[in-house]
Structures are given as structure tokens and as C-alpha cells.
Amino acid sequence: MATLMGYARVSTTEQSVDLQLDALKAAGCFRIWTDFASGATAERPQWQDCLDHLQPGNILVVNDLSRLGRNTADLAGIVKTLADRQVGLRSLTETWLDTTNSQGLLMFHFFSAIAEYERNRLRERTMAGLAAAKARGRVGGRPTKMTPDKAATAHRMRGEKRTIRDIAKTIEVSEATVVRELARQRKSLQVPQE
């Protein structure tokens with residue numbers, strides 16, 4: 001009988017991985033690797049360690065395909081890597097996916113293509129909506145937390161040699177927001193060279 005090895009991933013440390021871990025344990029996984037990183041990033045140390053430990057005949061089990069990659073190209077590359085190592089892939093949510101048989105492999109490619117098509121359509125509709133809003137004079141995006149009063153306070157505090165962290169805490173915005181505001185101010189004060 002093949003050894004089942006599990007992989008779980010959530011995008012941030014604030015998200016819970018418990019549901020995935022419970023499902024993988026219930027499926028009988030011998031060992032489970034867990035990453036706290038976006039699926040889009042290549043920096044997934046536990047995924048790399050998992051790949052290093054997989055042996056021919058093992059089956060990698062995931063709770064669902066989105067835990068492995070964000071698009072068809074990523075997933076297809078992973079399936080190819082696993083196949084090259086003679087490792088199968090099984091999803092607990094997408095029960096049709098079991099690459100240890102030809103039907104599961106065909107279904108994987110079919111449904112992955114549909115999922116990518118849907119993501120692309122959503123992206124196209126979002127871009128069209130933003131363009132239509134812009135044409136009507138609306139600017140999309142989240143409103144800034146950096147109000148004029150907060151910006152003035154940030155500049156005054158920075159002039160007093162206060163740290164970015166202190167400033168962010170005082171005006172209740174992220175450190176990145178403070179850095180962007182200070183950089184925006186520096187840029188606006190620069191005189192163009194003739």
C-alpha cells in the first residue's frame with residue numbers, strides 16, 4: 001500500500017490550518033508539511049522539504065488544489081514534477097483528482113483549465129468595471145487611511161527624529177503607509193534638474 005504524505009498551506013499566520021490538518025490526518029497521512037505563505041510565492045520552505053522527502057510510490061494528499069498553486073501552469077508543473085518522481089497526487093475536496101489513475105489525471109487537466117478560465121474572466125470583468133468607473137470619474141481602490149491631519153503629524157514626528165514604528169502607532173496606520181507618505185512628500189519636494 002502506498003504511503004500517504006500530506007501538505008497544507010494557508011496564506012498568512014493569522015489563518016487557521018486546523019481544518020486542513022484534521023482532514024489530512026483523517027485521510028491517514030503518515031507525515032504532513034505546513035506552510036504559511038501565499039500560493040503565488042516560491043518561498044515555501046515546507047513545500048520544498050516535502051518534495052525532498054517524497055519517494056516513488058508515495059501519494060501526496062492535499063485538502064484542495066488551491067493549497068498547491070494558484071493557476072493551471074503552477075498545478076500542471078507540480079503534477080509533472082510529482083509524476084517524474086513517480087509520486088501520485090490526491091485531493092480530498094476534489095474527489096475526482098487522483099493522478100495515480102489515467103481518469104484522475106485527465107480530470108485534473110480538464111478542471112484546472114476551467115478554473116483558470118474562470119479566474120481570467122473574473123480578472124477581465126474587474127478590469128472592465130474599473131475602466132468604466134474611471135471613465136465616469138471614479139477612482140477605484142480602497143480609501144487611504146492617511147488623512148491630511150495624519151500626514152501632517154507623521155511629517156512633524158519624523159522631523160523630531162521619531163521612528164517609523166512610533167509614528168505608525170501614534171497615528172494608527174501601518175508602517176508601510178507611513179513610509180509611503182514620507183516618500184511621497186520627499187518626491188514632491190524634489191526640484192526637477194534643468
Side-chain angles (χ1 to χ4, degrees), residues 6-25 32-51 62-75 77-78 91-94 115-194:
Y7 177 73
R9 182 189 60 78
V10 289
S11 297
T12 67
T13 54
E14 286 81 35
Q15 293 176 315
S16 175
V17 74
D18 293 343
L19 177 69
Q20 292 178 61
L21 295 177
D22 291 346
L24 293 170
K25 287 174 189 172
I32 301 170
W33 288 264
T34 305
D35 269 318
F36 296 90
S38 168
T41 183
E43 294 296 318
R44 293 192 282 166
Q46 290 298 301
W47 171 244
Q48 292 305 315
D49 191 55
C50 175
L51 283 176
V62 293
N63 193 49
D64 65 77
L65 285 177
S66 66
R67 302 304 84 206
L68 278 182
R70 289 244 168 145
N71 58 47
T72 304
D74 287 346
L75 292 172
I78 288 168
S91 169
L92 300 177
T93 303
E94 296 91 359
E116 180 147 349
Y117 169 77
E118 287 300 323
R119 280 190 297 274
N120 288 336
R121 289 289 299 138
L122 176 61
R123 187 178 310 114
E124 289 169 1
R125 288 191 299 268
T126 300
M127 297 308 289
L130 289 173
K134 187 175 181 180
R136 290 190 305 273
R138 286 186 49 223
V139 177
R142 185 173 50 196
T144 181
K145 291 187 175 187
M146 184 59 79
T147 64
D149 287 343
K150 288 182 178 183
T153 301
H155 293 292
R156 178 183 52 76
M157 290 178 73
R158 193 60 174 168
E160 296 167 357
K161 305 294 186 207
R162 300 280 297 275
T163 67
I164 299 295
R165 178 173 285 167
D166 286 343
I167 297 168
K169 189 173 181 181
T170 301
I171 63 176
E172 298 178 333
V173 299
S174 71
E175 292 178 32
T177 299
V178 172
V179 169
R180 276 193 303 274
E181 171 57 29
L182 296 174
R184 184 197 63 75
Q185 178 68 12
R186 277 193 307 273
K187 187 176 180 182
S188 69
L189 293 176
Q190 289 177 347
V191 178
Q193 297 294 324
E194 303 216 8

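As the structure is a prediction and not an experimental result, all values here were calculated from the model.
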Problem set entry | Non-neighbouring partners of Q46 that pass side-chain hydrogen bond (donor to acceptor under 3.5 Å, both in side chains), sequence neighbours left out |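 side-chain hydrogen bond (donor to acceptor under 3.5 Å, both in side chains) list for Q46, sorted by chain: empty.
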
Taking all non-hydrogen atoms of both residues into account, name the closest pair between [X] and [Y] and its distance.
| X | Y | result |
| --- | --- | --- |
| R44 | D35 | CB-OD2, 3.2 Å |
| L182 | A154 | CD2-O, 4.3 Å |
| L24 | N63 | CD2-N, 4.1 Å |
| E94 | L65 | OE1-N, 3.1 Å |

For the [atom1] atom of [X] and the [atom2] atom of [Y], what is their distance to the nearest 0.5 Å?
| X | Y | atom1 | atom2 | value |
| --- | --- | --- | --- | --- |
| W47 | I78 | CH2 | CD1 | 5.0 Å |
| M127 | L122 | CE | CG | 11.5 Å |
| R158 | D166 | CZ | CG | 10.0 Å |
| L21 | K25 | CG | NZ | 5.5 Å |

Tell me, do [X] and [Y] make a side-chain contact under 4.5 Å, heavy atoms counted?
| X | Y | result |
| --- | --- | --- |
| V178 | E181 | no |
| M157 | T163 | no |
| T177 | I171 | no |

Exercise. Does CZ in R125 sit with more than 12 non-hydrogen atoms of other residues, nucleotides or ligands closer than 6.0 Å?
Worked result: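 Above 12, so yes.
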
For this session: Just jot down the salt bridge (Lys or Arg N to Asp or Glu O under 4.0 Å) partners of E172, sequence neighbours excluded, or say none.
Result: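 Scan of E172 (salt bridge (Lys or Arg N to Asp or Glu O under 4.0 Å), adjacent residues dropped) gives none.
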
Exercise. So, Q20 side chain and R9 main chain: donor-acceptor pair closer than 3.5 Å or not?
Worked result: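 Yes; judged by distance alone, with no hydrogens or angles, the pair exists.
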
Exercise. What pairs of residues pass the salt bridge (Lys or Arg N to Asp or Glu O under 4.0 Å) test when at least one of them lies in residues 144-157, not counting sequence neighbours?
Worked result: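 Applying salt bridge (Lys or Arg N to Asp or Glu O under 4.0 Å) to every pair that reaches into residues 144-157, excluding sequence neighbours, yields R156-E160.
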
